[in-house]
Protein chains: 2
Amino acid sequence: MKRENFSRKRQAILEAIRGTEVHPTAEWVYQAVKPQYPDLSLGTVYRNIARFKEEGLILSIGVVQGQERFDGDIHPHNHFICSECGSVLDLTERYLSDDVHQILSQKYGAQVVSHELIFRGVCQECSEKSVSSGKKGA
Amino acid sequence: MKRENFSRKRQAILEAIRGTEVHPTAEWVYQAVKPQYPDLSLGTVYRNIARFKEEGLILSIGVVQGQERFDGDIHPHNHFICSECGSVLDLTERYLSDDVHQILSQKYGAQVVSHELIFRGVCQECSEKSVSSGKKGA
DNA sequence: AATGCCATCGAGAATAATTCTTATTTTTAT
DNA sequence: ATAAAAATAAGAATTATTCTCGATGGCATT
């Protein structure tokens, strides 16, 4: 009875987001799904991403270099963002237990429901580039 | 000899950002400084904000509801962002020591230089509104 | 006070990501 | 098969931000 209400394109968009580690932009998703559905529209990607976010199927990492980045892995984990190339990496370390939400909620009278922890710096690849081109390393 | 290189408008923009707790947008800063300098241009606000960021005089909290938010307090601290009204609050609790940067840098071969920890949820004010209007509470 | 020099600025055009609108197409229920 | 509902394509519209460039401001030297 209960319908899945998932069109093929919608499904393909979700799978594209879930099936990559790059924490893609809307444009990336569009380019990724386009080959399979050549009549895909960028508006459809945006519309469905907004929907996935509301439904909790994906998460937003935030805006990196002017473009919003998404994550199909909704398990709690943290990220590292490279200031040079904008790449987003997953970090497996856990730093905060979820009871901090409770504690903060009580202290501030708010409803704290989630947190995000983002580390910033220069990734290994960009660090090496900088060294070889003499930008920083020596 | 060494000139301060700070025009009055630039100084006023920096002071506006430093003198508020609201973690303002560029537009907010523009409106705040405009009365004192009626010929202020929004482009000047953006230009100087970009410069302050590069110089490390202010920090970017990230994009909230489509607008970038800034913080004149560069001491390490964390934030709570209300998903309803977009307000940004300071949290004084410290959760991470800075040696995690070292540890992560070694583990990933990157240069981790900073982190940001953001809690999300509904602030007290918005929570109360929701209750009285029957949106969630009752 | 006048001059020269650059940093800074204003105004608005340009850009780019995202959202919105509407007609059309696809999907689902009957 | 057909009608109703949901989803989509195309592109216009919106909006925050950046860019361009001619004009202005502020300081140093005269």
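Below, read A as the first sequence line, B as the second, and so on, with proteins coming before strands; counting in each chain starts at 1. The figures here come from the full heavy-atom set of this structure, side chains too, leaving out hydrogens, waters and symmetry mates. In this text, all values refer to a predicted model and were calculated from it rather than measured experimentally.
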Here the distance between atom P of D/dT15 and atom OH of B/Tyr30, to the nearest Å, is 17 Å
Q. Counting only N and O atoms by type, is there a donor-acceptor contact under 3.5 Å from the side chain of A/His101 to the main-chain atoms of A/Asp99?
A. no
Closest of D/dT17, C/dG10, D/dG26 to the B/Arg8 side chain is D/dG26
Considering only heavy side-chain atoms of B/Tyr46, the closest of C/dC9, D/dT8, D/dT17 is D/dT17
Of C/dG10, C/dT18, D/dA9, the nucleotide closest to the side chain of B/Leu40 is C/dG10
Over 12 non-hydrogen atoms of neighbours within 6.0 angstrom of CD in A/Glu125:
no
Q) So, is B/Lys9 near the phosphate of C/dG10, with a side-chain N or O under 4.0 Å from OP1 or OP2? A) yes
Out of D/dA9, C/dT18, C/dG10, minimum distance to the side chain of A/Asp39 belongs to D/dA9
Taken to the nearest whole Å, CH2/A/Trp28 to P/C/dA17 is 17 Å
Practice item. Before accepting this row, confirm whether a basic side-chain N of the pair A/Lys53/A/Glu68 lies closer than 4.0 Å to the acidic partner's carboxylate O. Key: yes
When rounded to whole Å, the CG to C1' distance for the pair A/Asn48 and D/dA9 reads 13 Å
Closest to the side chain of B/Thr44, out of C/dC9, D/dA9, C/dA17, is C/dC9
note: A/Leu42, atom CG; C/dA16, atom P; distance rounded to Å ~ 14 Å
Rounded to whole Å, CZ of A/Phe52 lies from P of D/dA7 at a distance of 11 Å
Notebook entry, point to check: Got a salt bridge between A/Glu93 and B/Lys107, using NZ or NE/NH1/NH2 to carboxylate O under 4.0 Å?
Noted result: yes
The residue, B/Tyr37 or A/Glu68, whose nearest nucleotide of DNA chain C is more 5′ is B/Tyr37
Whole-Å distance, A/Ile49 CD1 to C/dT18 P, equals 8 Å
Between CD1 of B/Ile13 and P of C/dG10 the distance, given in whole Å, is 8 Å
Against the side chain of B/Ala26, the closest entry in D/dT17, C/dT8, C/dT18 is D/dT17
Checking D/dA9, D/dT8, C/dC9 against the side chain of A/Ser7 (C-beta onward), the nearest is D/dT8
Between A/Ser41 and B/Val63, the residue closer to the 5' end of DNA chain D by nearest nucleotide is A/Ser41
B/Arg10 atom CZ is separated from D/dG25 atom C1', nearest whole Å, by 12 Å
Quiz item: Within the pair A/Arg47 and C/dT18, is there a side-chain N or O less than 4.0 Å away from OP1 or OP2?
Solution: no
Quiz item: With no hydrogens and no angle check, is any side-chain donor or acceptor of B/Ser127 less than 3.5 Å from a backbone partner on A/Ala110?
Solution: no
